[in-house]
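As a basis for the values below, the full set of heavy atoms in this structure was taken, side chains included, without hydrogen atoms, waters or symmetry mates. The chain is numbered in sequence order, starting from 1.
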Amino acid sequence: MLKILSELKFHPVLVLAIATTWVGGCAGKDKPLERFVESQEKRVYEGSAYVQAELDFWTAYYEPTIEDLERFRAAWVEHGQSFPDSKAIDEIEKELRRPNQRVALVALFMTDYDKADLKDKALGWAVNPVPEKLSELSETDQVLRRLMPVRNPWARYFLLKYRPESLMNASEVVVSNPTSRVGLKRIPTESGPSF
């Protein structure tokens, strides 16, 4: 058997055809998730703050909806996999389904990871409008990173919970620390985002 295999010669065109088919088949599986990620990138607003040409912090803002989560799950399944367990996505969905509540996600990066903590008031962080509650989500959750794609892989993620009236007239959400502030665009709708 080994002798037969060693004598078998592959034609370059055959090898190229097999490789093209294999690569094309693999690439097709990524398209539903990639399309979803591309559409999400248009809904994530980001900004950076500098102090004397040095990066102070980078942040991004996104308001997810139940429809986003449904599209996300459908894209994942169309990709050919069952939707994985994700504590972050479960928490976001639970909060989105609560009546009279709006949810936002903020990603935050500083070169000193420990200082990039929106929950730590001693560090002087503030978010305006002020959320009713703020909690940190796992930055290592790869499912969350697909829902809110940001360019910075070292960003920390925070879940902000608001009463609808708190966000109703806000055109931006401001993230600030004692040295800088970044206004992140927000597009309010007549009735607020559909949660």
Approximate separation, where rounding is to 0.5 Å, of Lys31 NZ and Glu38 CD: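 With rounding to 0.5 Å, NZ (Lys31) is 11.0 Å from CD (Glu38).
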Glu172 versus Tyr61, side-chain donor and acceptor atoms under 3.5 Å: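 Their side chains do not contain a donor-acceptor pair, so the 3.5 Å distance test is not met.
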Residue pair Thr140 / Arg145, side-chain donor-acceptor N/O under 3.5 Å: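 The answer is no; no qualifying pair exists.
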Tell me, yes or no, whether the heavy-atom count around [X] atom [atom1], taken from other residues, nucleotides or ligands under 6.0 Å, exceeds 12.
X	atom1	value
Gln81	CD	yes
Asp85	CG	no
Lys121	NZ	yes
Lys119	NZ	yes

Between [Y] and [X], does any NZ, NE, NH1 or NH2 come within less than 4.0 Å of an OD or OE carboxylate oxygen?
X	Y	answer
Glu93	Arg73	yes
Asp68	Arg71	yes
Arg102	Glu165	no

Aromatic ring proximity, centroids under 6.0 angstrom, Tyr62 and Tyr45: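 Not close enough - the centres of the two rings lie 6.0 Å or further apart.
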Exam field: side chain Arg181 to backbone Val174, donor-acceptor pair closer than 3.5 Å: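 Answer holds: no.
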Is there a chain of hydrophobic side chains (I, L, V, M, F, W, Y, each step under 4.5 Å between heavy atoms) that links [X] to [Y]?
X	Y	answer
Phe83	Ile92	yes
Leu33	Ile89	yes
Leu134	Val106	yes

The single option from Tyr113, Trp125, Tyr50, Phe109 passing ring-ring contact (aromatic ring centres under 6.0 Å, His included) against Phe57: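 Looking at Tyr113, Trp125, Tyr50, Phe109, the match for Phe57 under the ring-ring contact (aromatic ring centres under 6.0 Å, His included) is Trp125.
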Closest heavy-atom pair and its distance - Arg186, Leu167: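 That would be NH1-O, 2.9 Å.
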